[in-house]
Enquirer: 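Once you've had a glance at the structure underneath, I'll fire off some questions.
Both ligands and their constituent atoms are indexed starting at 1 by order of listing. All values reported here derive from a predicted model rather than from experimental measurement.
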Amino acid sequence: MIPRPFEYHTPQSLPEALALLGAHGDAAKLLAGGHSLLPMMKLRFAQPEHLIDLGKLAELQGIKEDNGTLWIGAMTTENQLIWSSLLQEKCPLLVEGARQIADPQVRYRGTLGGDISHGDPGNDHPALMIALDASFVLQGAQGERIVPADGFFIGTYATLLEPLEIMTAVRIPIPAAGTGYCYAKLKRKTGDFATAASAVTLRMRDGRVDDLRIALTNVGDTVIRATDAEDALRGEPFDAVHADEAVRRAMAACNPIPDLRGDEDYKRAMAGEMTRRALHTAYERSAH
Ligand SMILES: Cc1cc2nc3c(=O)[nH]c(=O)nc-3n(C[C@H](O)[C@H](O)[C@H](O)COP(=O)(O)OP(=O)(O)OC[C@H]3O[C@@H](n4cnc5c(N)ncnc54)[C@H](O)[C@@H]3O)c2cc1C
């Protein structure tokens with residue numbers, strides 16, 4: 001319950017935050033919504049000497065559309081995602097996913113950028129980001145770089161973010177009209193991390209699956225893009241035979257760790273079931 005003492009910084013701009021990060025290096029941690037970092041500090045799993053609060057940085061706020069791409073500031077909270085009429089209209093998968101994250105209080109604080117940067121395989125945004133073909137804008141002292149979500153997550157709590165970088169925004173290409181989508185999440189109760197979950201986007205053309213993306217939550221040491229499963233359906237009619245094969249391949253891609261949510265076999269089977277549900281719902285929602 002009681003974290004170690006730390007020094008608290010409230011930079012007013014992105015350059016100021018980067019300078020503080022540069023000055024304190026490994027002894028500092030960025031603070032966003034605080035709903036993963038503070039619990040870890042209270043258990044003394046994390047013991048930073050400096051907390052750099054990103055809450056005052058206007059550069060990390062907002063949701064806007066720019067030339068076919070959605071730009072979402074890293075400090076956007078889960079509730080701001082859910083309440084955004086732009087996202088409800090242009091990117092309903094993100095809204096559907098955010099509604100299944102944590103609980104109302106946590107969603108007032110927890111941020112999109114924090115959920116992604118944390119790199120926890122239990123977090124839901126990594127799979128949503130891969131299904132949506134998102135990219136992340138990372139700012140360092142030397143400048144900005146943009147990295148795709150697919151490949152960003154390299155292990156438990158490990159991402160491509162460098163220690164002196166700040167994620168400023170997420171960019172999502174607006175899904176083409178008629179794209180089906182679904183986030184299917186199995187959890188023991190509201191506010192729990194997934195036992196298994198599957199994020200799907202799917203587009204049909206001339207009676208066949210034109211393109212699709214499938215990403216799995218909490219069934220490996222990091223989020224898993226189920227590319228073999230995608231290959232089972234791409235270019236094929238959406239029927240029981242091809243959907244079943246995709247489900248089988250999604251299960252084969254899992255590498256779950258047994259814990260209180262279940263053993264390996266159960267989690268693998270549930271990843272298959274969530275993928276089955278997400279695929280069928282995405283197909284029903286697609287134009288075909
Ligand atoms: C009861 C409870 C239930 C939860 N259930 C779920 C759930 O079902 N699904 C889910 O996905 N999450 C869940 N969470 C986690 C929650 O969504 C967190 O808010 C989220 O994981 C981290 O976001 P944050 O903004 O709180 O980040 P913080 O806790 O402030 O930071 C997390 C980490 O990311 C780093 N970081 C934050 N922002 C940036 C940035 N812009 N650039 C670089 N690094 C950054 C921090 O330095 C820190 O290492 C739950 C949390 C609680 C307390």
Enquirer: Within the 4.5 Å heavy-atom criterion, are Leu87 and Glu89 side-chain neighbours or not?
Expert: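 No - every pair of side-chain heavy atoms lies 4.5 Å or more apart.
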Enquirer: Measure the distance from atom 24 (P) of ligand 1 to every protein heavy atom, then report the residue, atom name and distance (to 0.1 Å) of the closest one.
Expert: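 Looking only at protein heavy atoms, the one closest to atom 24 (P) of ligand 1 is Gly33 N, 3.5 Å.
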Enquirer: Can you confirm whether more than 12 heavy atoms, excluding those of Arg188, are under 6.0 Å from its CZ atom?
Expert: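 Yes, CZ of Arg188 has more than 12 neighbouring heavy atoms, counting only those of other groups under 6.0 Å.
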Enquirer: Counting non-hydrogen protein atoms only, what is the nearest one to atom 51 (C) of ligand 1? Give residue, atom name and distance.
Expert: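 Nearest neighbour among protein heavy atoms for atom 51 (C) of ligand 1, to 0.1 Å: His35 O, 3.6 Å.
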Enquirer: Tell me whether Asp26 at atom CG has more than 12 heavy atoms from other residues, nucleotides or ligands lying less than 6.0 Å away.
Expert: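 No, because the 6.0 Å sphere around CG of Asp26 holds 12 heavy atoms or fewer from other groups.
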Enquirer: Check whether Gln80 reaches the backbone of Thr76 with its side chain - one donor and one acceptor, N or O, closer than 3.5 Å.
Expert: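 No; zero donor-acceptor contacts below 3.5 Å.
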Enquirer: Between Leu161 and ligand 1, find which residue part has any heavy-atom pair under 4.0 Å and reply side chain, backbone, both or neither.
Expert: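 The side chain, only.
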Enquirer: Taking NZ, NE, NH1 and NH2 as the nitrogens, is one of them in Arg261 or Asp192 under 4.0 Å from a carboxylate oxygen of the other?
Expert: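 Yes, this pair counts.
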Enquirer: Any nitrogen or oxygen of Arg109, side chain or backbone, less than 3.5 Å from one on ligand 1?
Expert: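 No; every N/O pair is 3.5 Å or more apart.
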Enquirer: Which residue from Ser117, Gly122, Ala197 reaches closest to atom 40 (C) of ligand 1 through any of its heavy atoms?
Expert: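 Nearest option to atom 40 (C) of ligand 1, by heavy atoms: Ser117.
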Enquirer: For a 4.5 angstrom cut-off between non-hydrogen side-chain atoms, does Glu162 reach Leu138?
Expert: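 Of all side-chain heavy-atom pairs linking Leu138 with Glu162, none is under 4.5 Å.
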Enquirer: Going by the closest heavy atom to atom 8 (O) of ligand 1, which one wins out of Gln105, Lys185, Gln100?
Expert: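 Looking at heavy atoms only, the winner is Lys185.
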Enquirer: I'd like to check whether Leu38 has a polar contact with ligand 1, where a contact means an N/O of the residue lying under 3.5 Å from an N/O of the ligand.
Expert: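 No, there is no polar N/O contact under 3.5 Å.
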Enquirer: Near Asp192, which atoms of ligand 1 are under 4.0 Å from a heavy atom of that residue?
Expert: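 Checking each atom against Asp192, I get 8 (O).
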Enquirer: Tell me, do Ile154 and Thr222 make a side-chain contact under 4.5 Å, heavy atoms counted?
Expert: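 No, side chains not in contact.
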Enquirer: In this structure, which one of Leu202, Thr227, Leu132, Asp150 forms a side-chain contact (heavy atoms from CB on, under 4.5 Å) with Arg213?
Expert: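 Testing each of Leu202, Thr227, Leu132, Asp150 against Arg213, the sole residue satisfying side-chain contact (heavy atoms from CB on, under 4.5 Å) is Asp150.
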Enquirer: Tell me if the aromatic rings of Phe6 and His50 count as close, with their centers under 6.0 Å from one another.
Expert: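 No - the distance between ring centres of Phe6 and His50 does not fall below the 6.0 Å cut-off.
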Enquirer: Does Ala32 reach ligand 1 with a nitrogen or oxygen that is under 3.5 Å from one of the ligand's nitrogen or oxygen atoms?
Expert: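 In this structure, Ala32 places an N or O atom under 3.5 Å from an N or O of ligand 1.
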Enquirer: Could you tell me the residue and atom name of the protein heavy atom closest to atom 31 (O) of ligand 1, and the distance to it rounded to 0.1 Å?
Expert: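 Of every protein heavy atom, Leu37 CB, 4.0 Å lies nearest to atom 31 (O) of ligand 1.
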Enquirer: Look at the side chain of Asp228 and the backbone N and O of Arg249, then say whether any donor-acceptor pair between them is shorter than 3.5 Å.
Expert: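 No; zero donor-acceptor contacts below 3.5 Å.
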Enquirer: Heavy atom of Pro39 under 4.0 Å from ligand 1?
Expert: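 No, that is not the case, since the closest heavy atom of the residue is not under 4.0 Å from the ligand.
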Enquirer: Measure the distance from atom 33 (C) of ligand 1 to every protein heavy atom, then report the residue, atom name and distance (to 0.1 Å) of the closest one.
Expert: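 Minimum-distance protein heavy atom for atom 33 (C) of ligand 1 reads His118 ND1, 3.7 Å.
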Enquirer: Closest non-hydrogen protein atom to atom 28 (P) of ligand 1, residue and atom name please, with distance?
Expert: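 Checked against all protein heavy atoms, atom 28 (P) of ligand 1 sits closest to Gly34 N, 3.4 Å.
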Enquirer: So, Asp66 and Arg171, do they make that salt bridge, N to O below 4.0 Å?
Expert: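 Salt bridge absent between Asp66 and Arg171.
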Enquirer: Return yes or no for this condition: an N or O of Ile101 is under 3.5 Å from an N or O of ligand 1.
Expert: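 Not met; the criterion fails.
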Enquirer: Considering only non-hydrogen protein atoms, determine which one is nearest to atom 25 (O) of ligand 1 and report residue, atom name and distance to 0.1 Å.
Expert: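 Among all protein heavy atoms, the one nearest atom 25 (O) of ligand 1 is Thr111 OG1, 2.6 Å.
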Enquirer: Going by the atom numbers of ligand 1, which of them fall below 4.0 Å from some non-hydrogen atom of Gly110?
Expert: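 Those qualifying, in numeric order: 19 (O), 25 (O), 26 (O).
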Enquirer: Should one rank Lys29, Gln139, Met167 by closest heavy-atom distance to atom 42 (N) of ligand 1, which comes out on top?
Expert: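 Comparing heavy atoms across Lys29, Gln139, Met167, the nearest one to atom 42 (N) of ligand 1 lies in Met167.
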Enquirer: Nearest heavy atom to atom 10 (C) of ligand 1: which of Asp120, Asn218, Asp115 does it belong to?
Expert: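 Among Asp120, Asn218, Asp115, the closest heavy atom to atom 10 (C) of ligand 1 comes from Asp115.
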Enquirer: When you measure from atom 20 (C) of ligand 1 to every protein heavy atom, which one gives the shortest distance, and what is it?
Expert: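 Residue, atom and distance for the closest contact: Ser36 OG, 3.3 Å.
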Enquirer: Which of these, Arg44, Met40, Met41, sits in a side-chain contact (heavy atoms from CB on, under 4.5 Å) with Pro3?
Expert: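 Single pass found, and it is Met41.
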Enquirer: Short N/O distance, under 3.5 Å, between Asn123 and ligand 1?
Expert: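 Right, the criterion is met.
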Enquirer: Are side-chain N/O atoms of Tyr183 and Thr217 paired as donor and acceptor at under 3.5 Å?
Expert: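 Looking only at side-chain atoms, Thr217 and Tyr183 do form a donor-acceptor pair, the distance falling under 3.5 Å.
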Enquirer: Regarding ligand 1, does Leu60 bring an N or O atom to under 3.5 Å of one of the ligand's N or O atoms?
Expert: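 N/O-N/O distance below 3.5 Å does not exist for this pair.
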Enquirer: In ligand 1, which numbered atoms sit nearer than 4.0 Å to a non-hydrogen atom of Leu30?
Expert: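 Answer, ordered by atom number: 42 (N), 43 (C), 44 (N), 46 (C), 47 (O).
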Enquirer: Salt bridge check, Glu96 against Arg285: does any charged N sit closer than 4.0 Å to a carboxylate O?
Expert: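 Here Arg285 pairs with Glu96 in a salt bridge, since their nearest N and O are under 4.0 Å apart.
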Enquirer: How close does the nearest protein non-hydrogen atom get to atom 52 (C) of ligand 1, and which residue and atom is it?
Expert: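 The protein heavy atom lying closest is Val106 CG2, 3.9 Å.
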